[in-house]
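Before any comments, here is the structure.
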Amino acid sequence: MPLEEAMRTQRAIRRLKSDPVDDSLVLHLLELAMKAPTGSNAQNWEFIVVKDREIVAKLGRLNRRAMNLVSPMYKRSFERRGDEKMLRLQKAVQWQADHFEEIPVVVVACLRGVIPPWPTVATSSAYGSIFPAVQNLLLAARAAGLGAALITVPLWSTLLARRALGLPWNVTPCAVIPLGWPIGKYGPTTRRPVGEVVSLDRYGNRAFR
């Protein structure tokens, strides 16, 4: 698949079949993920491929614990506004939470090393070494016909996530990527015109409208 086609048709796929995904395919996708740049070429990623049903269930419980707290508030807000698009999105997010234990493969993207909370530039620099790899993984999954989405809700407690995954103190979980064969289809996606969000030289100078 041409790279541009993958980018134009990529979207978060949350409804996944429980059918198995071959290990060789997952490893191939991770090889492509690791072609991404990292700060100072540190290559300090760590990827946990979770297939054990008990560990997937632990991540699912962490996900639902946070979802049960915030999801009703979001839903009421969308209903008051009559926002059908966001209600459909919220329904897909809830479906993923309800069926988390059925996801065949969950990849947890981590960074080796402690991410400092301050100064903020150090925090953003650290995450700059993992999210390019995550995006590579999402695009590679799209090209392979797999469904995938970047989520962070299961990591609301780094302590509990570390415990579930057996992570040492110096490996930080940063993102969770459920992988599986999709129920439904990819894009094309709808986005705002580029001229509405791009400024020239200073914020608000919408010179490209």
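All values derive from a computational prediction rather than experimental measurement.
With hydrophobic clusters built from ILVMFWY side chains whose heavy atoms lie under 4.5 angstrom apart, L30 does not share a cluster with L139. One hydrophobic cluster holds both I177 and V49 under the rule that ILVMFWY side chains link at heavy-atom gaps under 4.5 Å. With hydrophobic clusters built from ILVMFWY side chains whose heavy atoms lie under 4.5 angstrom apart, I151 does not share a cluster with L89. Following chains of ILVMFWY side-chain contacts shorter than 4.5 Å, one cannot reach V50 starting from L25, and the two form parts of different hydrophobic clusters. Both I55 and F100 sit in one connected hydrophobic cluster of ILVMFWY residues. Membership requires side-chain heavy atoms under 4.5 Å apart, directly or through other members.
Inter-residue side-chain proximity for L32 and L137 is flagged as unmet; no heavy-atom pair is nearer than 4.5 Å. Inter-residue side-chain proximity for C110 and T172 is flagged as unmet; no heavy-atom pair is nearer than 4.5 Å. Counting heavy atoms from C-beta outward, W156 and R65 have side chains that approach closer than 4.5 Å. Within the 4.5 Å cutoff, the side chain of T38 has heavy atoms near those of the W45 side chain. In this structure the side chain of R142 never reaches within 4.5 angstrom of the side chain of M7, judged on heavy atoms. When side chains are defined from C-beta on, L167 counts as touching P173, because their heavy atoms get closer than 4.5 Å.
Nearest heavy atom pair, residue A36 against residue N136, reads N-ND2, 3.5 Å. Among all heavy-atom pairs drawn from A12 and A149, the shortest one is CB-CB, 3.9 Å. Of all heavy-atom pairs between L69 and M73, the closest is O-CE, 3.5 Å. Of all heavy-atom pairs between S71 and Q90, the closest is OG-NE2, 2.5 Å. Among all heavy-atom pairs drawn from P104 and G180, the shortest one is CG-CA, 3.9 Å. Contact detail for N44 and S129: the closest heavy-atom pair is OD1-CB, 3.9 Å.
Remark: Q10 CD to L138 CG distance equals 5.5 Å, nearest 0.5 Å. Atom-to-atom distance recorded for K58:NZ and R53:CZ is 13.5 Å, nearest 0.5 angstrom. Between the CG atom in L111 and the CZ atom in F131 there is a gap of 8.5 Å [rounded to 0.5 Å]. Distance check, rounded to the nearest 0.5 Å: CD of Q96 to CD of E102 gives 11.5 Å. Rounding to the nearest 0.5 angstrom, the gap separating the CD1 atom in I115 from the OG atom in S125 is 11.0 Å. We find the CG-CG distance between L59 and L155 to be 8.0 Å, quoted to the nearest 0.5 Å.
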For this session: Let me see the working for K91 and R15 under side-chain contact (heavy atoms from CB on, under 4.5 Å), right down to the final yes or no.
Result: CA-CA 10 Å; K91 190 174 181 180; R15 294 183 174 93; 4.0 Å; yes
For this session: Before giving the answer on side-chain contact (heavy atoms from CB on, under 4.5 Å), spell out for L179 and V106 the whole-Å C-alpha distance, their side-chain angles and the decisive distance to 0.1 Å.
Result: CA-CA 6 Å; L179 285 175; V106 179; over 6 Å; no
Exercise. Could you walk me through whether V56 and K51 pass the side-chain contact (heavy atoms from CB on, under 4.5 Å) check?
Worked result: CA-CA 7 Å; V56 172; K51 298 174 64 179; 6.0 Å; no
Problem set entry | Step-by-step side-chain contact (heavy atoms from CB on, under 4.5 Å) determination, M34 to F47 | CA-CA 10 Å; M34 293 167 60; F47 297 95; 3.8 Å; yes
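The closest side-chain donor-acceptor pair between Q43 and N41 falls under 3.5 angstrom. Side-chain polar atoms of T158 and R162 form no donor-acceptor pair below 3.5 angstrom.
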For residues 181-194, which side-chain donor-acceptor pairs fall under 3.5 Å, sequence neighbours excluded?
residue	atom	partner	partner atom	Å
W181	NE1	P20	O	3.3
Y186	OH	L146	O	2.4
R192	NE	E196	OE1	3.4

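Within 6.0 Å of CZ on R112 lie more than 12 heavy atoms contributed by other residues, nucleotides or ligands. Within a 6.0 Å radius of CE in M86, more than 12 heavy atoms belonging to other residues, nucleotides or ligands are found.
Looking at E101 and R64, a side-chain N of the basic residue comes within less than 4.0 Å of a carboxylate O on the acidic one, giving a salt bridge. At a threshold of 4.0 Å, the pair E4-R8 counts as salt-bridged, since one of the basic side-chain nitrogens sits closer than that to a carboxylate oxygen.
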